[in-house]
Each structure stands twice: as structure tokens, then as C-alpha cells.
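Proteins get letters first, then strands, A, B, ... in listed order; numbering begins at 1 in each.
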Number of protein chains: 2
Amino acid sequence: MTTNKDITIYDLAEELNLSPATVSRALKNNPVINADTRKKVLDLATKRGYRSNAFASNLRTQKTNTIGVIVHELNSYFITAVLAGIEEVATEAGYDILIAHSNETVAKERTNAHNLFNKRVDGVIASLAYDTDDLAHFAPFIKKHIPLLFFDRTDNSIAATQVVIDNVEAGYQATKHLIEQGCKHIVHATANLKRNVYSDRLAGYKKALLEHTLPYNEALVLVNDFKEDTGKLIVEQILAMKQLPDGLFVTNDFCAAVCIAELKKASIKVPKDIAVVGFNNDVVSRMVEPNITTINYPGKLMGRTIAERLVLQLKTKKNINKQDQIIVPSELIVRASSKRT
Amino acid sequence: MTTNKDITIYDLAEELNLSPATVSRALKNNPVINADTRKKVLDLATKRGYRSNAFASNLRTQKTNTIGVIVHELNSYFITAVLAGIEEVATEAGYDILIAHSNETVAKERTNAHNLFNKRVDGVIASLAYDTDDLAHFAPFIKKHIPLLFFDRTDNSIAATQVVIDNVEAGYQATKHLIEQGCKHIVHATANLKRNVYSDRLAGYKKALLEHTLPYNEALVLVNDFKEDTGKLIVEQILAMKQLPDGLFVTNDFCAAVCIAELKKASIKVPKDIAVVGFNNDVVSRMVEPNITTINYPGKLMGRTIAERLVLQLKTKKNINKQDQIIVPSELIVRASSKRT
DNA sequence: CTGAAAGCGCTAACAT
DNA sequence: ATGTTAGCGCTTTCAG
């Protein structure tokens, strides 16, 4: 059977009495090749089931036409939307993408970075894990002038293009909305403040309080991760407070949903007793009762935007690994969980 | 600066007055090499920041040490659990994994299959999209004796190792449970019956009805996809029925959650008026009120199991692309959405 | 417009 | 235990 041997350009060349060079050029649609010759080559290639050997090509050209994407998780609408956006742009520009997920741990993020480096991706797009502190594992890319870009979870200690939303503004809008609903004691449940997204949202929270001359009470800021049962923990912490808060701003819809369920169990009415705002506009925010007021931001657009930047850097070799921030729009979506008026 | 040139084994060899072959062997921990030599090589390699060039190696060895995974979606706890399981086993066995998601469309599944084939993965693990009908895009793997294995969404028309749950039994248990709760008119909301998982669950549904001498009414079987607003559609269909059903078995927790929300909006009480059972034990099933009765099945175990099989096939070159079914356990988890007694 | 030839970096016979 | 050598398949000067 003919199934075991791979067809190479040499096989095609021999059969057509051409040189491998010509075949190679024809397959690459090099305009220098005679149209007839090209057609003959392409026809035979399909007929023989030729597939280009990327390794040989990569080895020769020192390029992989592949971009690596490191995300902090996979299981989220936001992330899958970003990936879809990246994919669209990358595919169109002739790049494959390699998805690696760190599952919110630096350890895996490090491994992934090394892997992608060894896979010699032409560029990297990343969103940091919760606990990433030291960014040394990204240094090799910088050193070799491989474009490295961040979206959403970024870090200013590293010079890079970053695509983000205005998290200060988003945190501000969320908190202001709660204040306007009459809330005076607003709990802010968030995650590792090392991450820009969380520290910025906290800043927005503070700004809104200040602007409405409400006191900032550190005890109302609850920093956890967003594991499955964190919502339960948060509600426990809330119930243990001397004074029950009347507002809750959780920077994660999933967690907000669990909080609402737990509050209900404790016979606390949402939004009457505690008004709740989440973050991300995840599907779950439209799935629980009451629907969750949240911050929407355009994952697909973020993905497209960052991929376009990367592709541009790859094409032009310009602005690689330079500090540059692109802000995509975000907005508050008001739903039942916070409406008291 | 020294950052631009990649270090090769030739550079190391030259600096140590050794042959490239020796360096290669040392780096691969080939036992034939003198321990001192090996140490010298490894030390210099780290010192010089040597990284192996996988393309050269792949080109030479005709192996990639990479396994491709095609999943029908990314945004699900089940899938991410499976991926985690696959990753554990693959990493330990020295394989990288390449994740491709088809987003429930054959078109992307085809592209992904071609991509992985061109990337020359050593093996493939896949779960089919909703609408995959023709499996021709997997034929190239079979032809070249590249191990191809399926989990969850499989198809018996292709000879392959498959790791699944007993979907007939699961459908049977779910339906039987509803019947035992007193339900007599049970709607079964499911998806494309071309997919084994859905046709088998339907078979289980029928079996349970038959066993309890309840009539099978085709009008009660609603076949849709599981997009975000499908739940709404299902409830519309239910509300349009002459007689309101008293049970609803939806083969997807997300969709079941939306159904419950929509039923509530229509002032139908769950479980009192309609008892609901979902499928997958997704986090959302514990997040909505009432919590959803569902079928749990072990994603991580499935992932580990299928990866182990693949690795074994790769090592032994045996049982590649032979029909073989492995069933992992699944179970009914009873929660409030179906409890009427 | 096409061909010849070299080389990308690595590995595996086959020697020594 | 180490070295020599050839070649994996492709691209790209350089020549014609």
C-alpha cells in the first residue's frame, strides 16, 4: 500500500521532470513560476496527497507561523470569546495558534511559557494567572525580540502592548451604581490585588465612595480567589459582620451567582437587603434569579484587537515589546440584582 | 549582543571539543555517555541558554511527541476536566498536547483535523461536534496508522478506541427517577440525534417509559441544539403543548438552568408543576434555585483513561484504530429540581 | 522562468 | 565512549 510514505516535493519534481525548487515555488504560488507549470504541480500535489512538511520549512525559514496564547483559564465565556477573536485574525493572516492554559497557577504559566518558547512561536499573547508575581519566565521572549502582548490580566513591570478595559472606570461605575441605589455599606469581594484588574477595580470602588463622601472601610474589602466555593466563604464573612452590608460588588459573575444563592439560603433578599453587582457579563449572570447586574466587556473585540497588533508587529518588525496600552470599551449592564428603585 | 543567534549542538560541541553526536547523546541522557562528559555538556547548555530545536529533531525522527485534541467546545467544566486529565498523563509520558476546538461545527472540526494532520501529531483524541455527519476528515489519520481515539461524542462508523459513559443507562436512570417522582408526561429536550450521546440517552428515556408502561409520545421529544437561548425556545414549546408536562429531562445543565428560569417566569413551579433533570453536573447545576438534579460523570478520569490508552498505543504500536469501548461510571445526583416527595 | 546546490539542526547507523 | 557521516524536506541564493 502507498499509505506509509509521505509524498515530498522531490517525488512531485521527479514525476513532472522538474526541479524541487520549481515545485516548491509553485506550491508557494511564487509569481515567478509559469502558470501552466504551477497548475501541473498543484494538480499533482492534490492527486498524490502531498502535504507540506512544516518542520522542514520551519527549520529552513526559522519561522513557525504560529502564535502562542497563554490564558489563565479556559472555562469562561470571556476567554473563549477572546480566543475566537484571536483565531479569526490569526487564521486570516496565516498563523496557527497554540493554546496553553495556566489554570490560574504561576507554575503552569511558567511551564507553558517555556513550552511555547521551545516551540519557537513567532509571538505570544498572554493573560496572567492570579498569583503570577515574578515575570522572569517571559524574559526569554523579550531577549529574542519575540513579540509578547498581554490582554486583560497584565503587568506594567513588563514593557508590552496590552489590551485592557478601563478597570478603574468599571469599578467606579459598578460602585457608583450601588450607591445610587441607596447602598451605604458596600462589600467589595475581589481577588489577588497583585493583578491590575483587581487593584484597578478596587481603585474605582474607592473613587466612587470618596466622590459620594462614603467612608472607605478596609474590612469591607474581601480578597479571595474565585474557586467554586468562594461565594460561600464570602457570604459567611458577610454574615459575620457586625453590621450587615447593603451592597455587594463581586468582580466575578460566577462568584456573584453563588453569593446570591447563599444569601438567599440565609434568608437575605437580593436586591432588597443586599444589592449585588458582578463582573464579566458571563452567561450565568442571565441565568440566576435575580439576573445579575454586571460589567460587560467585549472579549471577541479584545481578541481581534490584540491579534491585529501582534500580526502588525510580526509584519513590520516594529514596536515589538514596547509599552503601549489599548483600552477597549466596557459598560455597566443593570439587571434585577441591584435594582431597588 | 548575543541574544540573536540560537545556540546549537554544534556550538556546544565546538566549545567542548566534542562531536555534535556526543553532545546530542548527552542532552538526551543517553546512558552510553560518560557521566563527566554529560555533566559538562549539560552545564554548558544551561550556561549558553541552549534550547533544542524541535523542528530539526522532528524532521529527523519523524515524530513530534505531540498529541492533538479536538474538542467540541472549551467553555464547559466537563471539557476542561477532560483536558486536565489528558494533560496529566500526556505530560508524564513526554507528550505535548495541542488543543483545537470546533465550536460545535463540522466545518471547524474539519479544519482542525487537517491542521493537526499537517502538524503531524503522533496521535489524536477527539470529541465530535453536534453536526458532524461525514467522518471523512479523520480518514487521513487512519490511513497513516496514526492513533485516533474518541471520548464522549463518538461515532461507531469509525473503528477506534472510545471512552464513554453508558448513556443509555444514564438516560434511563434520569427518566426512571422522574417517573418515580410521579411524572407521567415527561418532555425530553435533547440535541442532534446523530450523536451517540443523545440517541443513547433517548433510548434510555424510552426504555424507562416502556418499563413503567408509560406511552412514548414523539411530540414530547424536543430536538434542538444547546445554544444560549435554546432554553427559552424549549419552554415556549412546552407552553404551547395542549397538556402541560409534569417532567422535563434536558440533556444539558446549562440549558436546564435556563429552562428553569423561563418556567419560573411563566409562573410554573419547579419541581411541583414540572420536575427537572439535567445532565453533566456542571457548576451551574449547583448555582441556580432549585439546584438541578443531574447526571455526573468523571471528566478527569475520562481524560486520563483515554490519554493512557493513546500513550499505550503509541508505545506498543498495538491496537491502533481498532474498535474498543471503555465505559467510565456515571451516576444520578438527586437535587431539589426534581424532588417532589 | 527554471535548476543546482547548500544548509537549517538534529539523530542514528556505522565506524573506531 | 566518542566520532563520522549522511540525510530528514524544504527554501533560497546564485547561475543560467
Side-chain angles (χ1 to χ4, degrees), chain A residues 4-42 44-45 48-66 94 96 117-122 144, chain B residues 4-45 48-66 94 96 117-122 144 146:
Chain A
N4 276 325
K5 261 263 168 263
D6 259 320
I7 304 290
T8 72
I9 52 170
Y10 288 94
D11 300 325
L12 301 179
E14 197 179 0
E15 194 165 343
L16 293 168
N17 273 317
L18 287 169
S19 74
T22 304
V23 173
S24 171
R25 287 191 270 250
L27 289 168
K28 285 262 164 316
N29 286 318
N30 188 324
V32 88
I33 293 293
N34 180 301
D36 285 355
T37 314
R38 176 175 27 252
K39 187 168 181 340
K40 271 196 297 186
V41 171
L42 293 178
L44 187 67
R48 291 274 169 273
Y50 167 81
R51 56 172 175 162
S52 148
N53 186 323
F55 305 126
S57 171
N58 293 341
L59 181 59
R60 180 60 231 247
T61 60
Q62 308 279 32
K63 291 174 61 219
T64 59
N65 296 315
T66 299
D96 282 338
F117 187 66
N118 285 329
K119 287 239 159 76
R120 307 194 182 215
V121 292
D122 293 340
K144 283 195 66 73
Chain B
N4 276 325
K5 261 264 169 263
D6 258 320
I7 305 289
T8 72
I9 52 171
Y10 288 95
D11 300 324
L12 302 179
E14 196 178 1
E15 193 166 342
L16 292 169
N17 274 316
L18 288 168
S19 75
T22 304
V23 173
S24 171
R25 288 190 271 250
L27 289 167
K28 285 260 160 328
N29 287 317
N30 187 325
V32 88
I33 293 293
N34 181 301
D36 286 353
T37 314
R38 175 174 27 251
K39 188 169 180 336
K40 274 197 295 186
V41 171
L42 293 178
D43 286 352
L44 187 68
R48 290 275 168 273
Y50 166 81
R51 56 171 176 163
S52 145
N53 186 323
F55 306 126
S57 171
N58 292 341
L59 181 59
R60 181 62 232 247
T61 61
Q62 308 277 33
K63 289 175 61 215
T64 60
N65 296 313
T66 299
D96 283 338
F117 187 66
N118 284 330
K119 286 239 158 72
R120 306 191 184 218
V121 293
D122 293 340
K144 283 195 65 74
I146 294 167

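Across D:dG9, D:dG3, C:dC10, the shortest atom-to-atom separation from the side chain of B:L18 is found for D:dG3. Side-chain proximity of B:S57 to D:dT12, D:dC8, C:dC10: nearest is C:dC10.
Listed by chain and number, the residues in a side chain to side chain donor-acceptor pair (under 3.5 Å) with A:N30 amount to none (sequence neighbours excluded). Under the rule for a side chain to side chain donor-acceptor pair (under 3.5 Å), A:T61 has no partner lying at least two apart in sequence or in another chain. Under the side chain to side chain donor-acceptor pair (under 3.5 Å) criterion, B:S24 pairs with no residue at all, not counting sequence neighbours. Partners of A:R38 by salt bridge (charged side-chain N to carboxylate O under 4.0 Å, His left out), not counting sequence neighbours: none found. For the side chain to side chain donor-acceptor pair (under 3.5 Å) test, residues two or more places apart in sequence or in another chain that qualify with B:D96 are A:K119.
The distance between atom CG of A:N58 and atom P of C:dG9, rounded to the nearest whole Å, is 13 Å. As a whole-Å value, the separation of B:F55 CZ from C:dC8 C1' is 12 Å. Look at CG on A:L16: it is 16 Å from C1' on C:dC1, rounded to the nearest Å. Between the C1' atom of C:dT2 and the CD1 atom of A:I9 lies a distance of 14 Å, rounded to the nearest Å. Regarding B:N53, its CG atom lies at a distance of 7 Å from the P atom of C:dG9, rounded to whole Å. Atom CG in B:L59 sits roughly 13 Å away from atom C1' in D:dA6 (whole-Å rounding). Between the CG atom of A:L12 and the C1' atom of D:dC10 there is a distance of 12 Å, given to the nearest Å.
In terms of heavy-atom proximity, B:P20 sits nearest to B:A13 at N-CB, 3.7 Å.
Listed by first then second residue, pairs satisfying salt bridge (charged side-chain N to carboxylate O under 4.0 Å, His left out) with a partner in residues 20-37 of chain B number zero, not counting sequence neighbours. Within the structure, salt bridge (charged side-chain N to carboxylate O under 4.0 Å, His left out) pairs that include any residue of residues 13-24 of chain A comprise A:E15-A:R48 (at least two apart or interchain).
Contacts of B:Y10 with the nucleic acid, taken as non-hydrogen atoms under 4.0 Å apart, include base atoms. Contact annotation for A:D11: no contact, since no heavy-atom pair falls under 4.0 Å across all strands.
Sorted by residue number, the members of residues 28-41 of chain A with any non-hydrogen atom under 4.0 Å from DNA chain D read A:K28. Residues from residues 19-27 of chain B that place a heavy atom under 4.0 Å from any atom of DNA chain C, listed by number: B:A21, B:S24, B:R25.
Here the CG-OG1 distance, from B:N53 to B:T8, works out to 9.5 Å after rounding to the nearest 0.5 Å.
A close approach under 4.0 Å does occur between a side-chain nitrogen or oxygen of A:Y50 and OP1 or OP2 of D:dC10.
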